[in-house]
Amino acid sequence: EEQESVGLQGEMSAQAQGLVSFMRGIGISVDEGMRKQEVRFARAGIESPDAPAYYLFFQRVVSFGVGIVGGFILLSAKGDMMHQALGGGIILLAIYGPHLYLQNKIDHRNKLLQRAFPDTLDLLLVCVESGLALDAALTRVCNELARAYPEMTKELNRTRLELSLLNDRVKALMNLGDRTGMVAFRSLVVALVQSERFGTSLTDTLRVLSEDFRLQRLAAAEAKAARLPVLMTLPLMLLLMPAFFIIIMGPAVIKMMGGGQMVTGQ
């Protein structure tokens, strides 16, 4: 059976289905929440179909219990700052912990994909220029980048499989942009879709994109280099200024101490 969802694929385990049934029994809207979280989990690189069920269980059931425990600790503190801080920290962890965990996974994966995208685009351009079709080019890129960029390889492998399994190749390409949610991938998807629909030159489009993202990477590196003097000012002040004071003031202090000893001796 063909799967056109951009989210997670597969069937949930019996344990996850039990959690879903439990949450439905206590009045939690599970289906809508899981649909909203599927794309986020796909962007975080978490492929387990059980992940949205566990996430909702921790977010809406476990976090509620943990928040109650934190509230009891906070109310029983009675002016104790340590207990108040502990209770407040537990409440904040219960409220924001699941969201921050998933968002951190998404941000980390986006950084990995962003770092790998220019090299991937250059290699894809070389493969297309050598006469390979899109499917064969993606296969070669995945083989070449498997060690260097495993996250990128996993994403392109999924796109390659969808291109071969789905009847709608445009839908398979659009899924790549939806799963990543990044501007760079959306630009690549637009170029590939235009080539599929209108027969435009994929080589020329990829060359323009490759040059564009190469310039963006150079500009990002120059921006980081421009920030270095500002970032190094505080460490230089903290580490070098004491040494300068010792070098400048040291001889005078030693001379004064030596003079004082001589006067004391006299």
Side-chain angles (χ1 to χ4, degrees), residues 3-77 80-117 149-159 161-162 174-186 189:
Q3 175 63 263
E4 296 188 359
S5 173
V6 300
L8 308 179
Q9 298 180 355
E11 295 182 357
M12 290 189 296
S13 64
Q15 186 176 3
Q17 291 177 0
L19 292 178
V20 170
S21 300
F22 171 75
M23 287 186 287
R24 285 173 180 165
I26 61 177
I28 297 176
S29 178
V30 179
D31 297 330
E32 183 180 356
M34 291 182 64
R35 282 195 298 269
K36 290 181 179 179
Q37 298 301 331
E38 278 188 358
V39 176
R40 295 190 68 209
F41 274 96
R43 292 177 180 177
I46 302 174
E47 299 179 351
S48 172
D50 297 342
Y54 285 112
Y55 178 82
L56 288 178
F57 179 73
F58 278 97
Q59 185 187 43
R60 303 186 181 184
V61 179
V62 176
S63 296
F64 182 74
V66 173
I68 291 177
V69 173
F72 277 122
I73 295 176
L74 186 62
L75 293 175
S76 62
D80 189 347
M81 297 296 294
M82 291 295 295
H83 282 78
Q84 289 179 352
L86 178 61
I90 291 175
I91 293 174
L92 291 177
L93 180 64
I95 296 174
Y96 298 106
H99 174 76
L100 291 178
Y101 169 78
L102 185 57
Q103 189 61 44
N104 181 65
K105 295 281 287 185
I106 294 173
D107 294 340
H108 177 67
R109 187 167 183 268
N110 285 347
K111 289 180 181 179
L112 295 178
L113 294 177
Q114 189 72 36
R115 187 183 306 166
F117 187 80
Y149 304 118
E151 291 293 334
M152 177 66 76
T153 302
K154 185 187 301 183
E155 197 64 51
L156 294 182
N157 263 325
R158 182 167 178 179
T159 301
L161 292 175
E162 288 186 352
M174 295 295 291
N175 287 346
L176 174 62
D178 293 335
R179 281 196 307 269
T180 57
M182 299 171 60
V183 176
F185 282 88
R186 293 186 184 277
V189 166

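Keep in mind that what you see is a predicted model, and the values were worked out from it rather than measured.
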Check the pair F57 / F22 against side-chain contact (heavy atoms from CB on, under 4.5 Å), numbers first and verdict last.
CA-CA 9 Å; F57 179 73; F22 171 75; 4.1 Å; yes
Check the pair Q15 / D50 against side-chain contact (heavy atoms from CB on, under 4.5 Å), numbers first and verdict last.
CA-CA 9 Å; Q15 186 176 3; D50 297 342; over 6 Å; no
Show your working on side-chain contact (heavy atoms from CB on, under 4.5 Å) between M23 and L56 and close with a plain yes or no.
CA-CA 9 Å; M23 287 186 287; L56 288 178; 4.1 Å; yes
CA sep, side-chain torsions, deciding dist, call: I106, R40, side-chain contact (heavy atoms from CB on, under 4.5 Å)
CA-CA 7 Å; I106 294 173; R40 295 190 68 209; 4.0 Å; yes
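Residues E38 and P52 approach most closely at CG-CG, 4.4 Å, considering heavy atoms. Across P98 and A94, no two heavy atoms sit closer than the pair CD-O, 4.0 Å. In terms of heavy atoms, I46 sits closest to A51 at CG2-CB, 3.7 Å.
For the pair I26/V61, a side-chain contact is recorded, criterion being any heavy-atom separation below 4.5 Å from C-beta on. Within the 4.5 Å cutoff, the side chain of L93 has no heavy atoms near those of the V66 side chain. Side-chain contact check for K154 versus N157: every heavy-atom pair is 4.5 Å or farther apart. Between R43 and T180 the shortest side-chain heavy-atom distance does not fall below 4.5 Å. The side-chain heavy atoms of E151 and R115, taken from C-beta on, include no pair separated by under 4.5 Å.
Annotation: salt bridge (Lys or Arg N to Asp or Glu O under 4.0 Å) contacts of K105 (sequence neighbours excluded): none.
The distance from the NE2 atom of H99 to the CG atom of N104 is 11.0 Å, given to the nearest 0.5 Å. Here CG of D107 is found 12.0 Å from CD of Q114. Values are rounded to the nearest 0.5 Å. Distance check: Y149 OH to T153 OG1 gives 10.0 Å after rounding to the nearest 0.5 Å. Here the CG atom belonging to L86 is positioned 9.5 Å from the CG atom belonging to L74, to the nearest 0.5 angstrom. Atoms CG and CG, on L113 and L156 in that order, are 9.0 Å from each other to the nearest 0.5 Å. Note that CD of Q37 is 6.5 Å distant from CG of L102, once rounded to the nearest 0.5 Å.
Between the side chains of R179 and T159, at least one donor-acceptor pair of N or O atoms lies under 3.5 Å. For the residue pair N175/E162, the side-chain donor-acceptor check at 3.5 Å is satisfied.
S76 places a side-chain N or O within 3.5 Å of a backbone atom of I73 that can act as its donor or acceptor partner. Proximity of a side-chain donor or acceptor of S63 to a complementary backbone N or O of F58 within less than 3.5 Å is detected.
Within a 6.0 Å radius of CZ in R24, more than 12 heavy atoms belonging to other residues, nucleotides or ligands are found.
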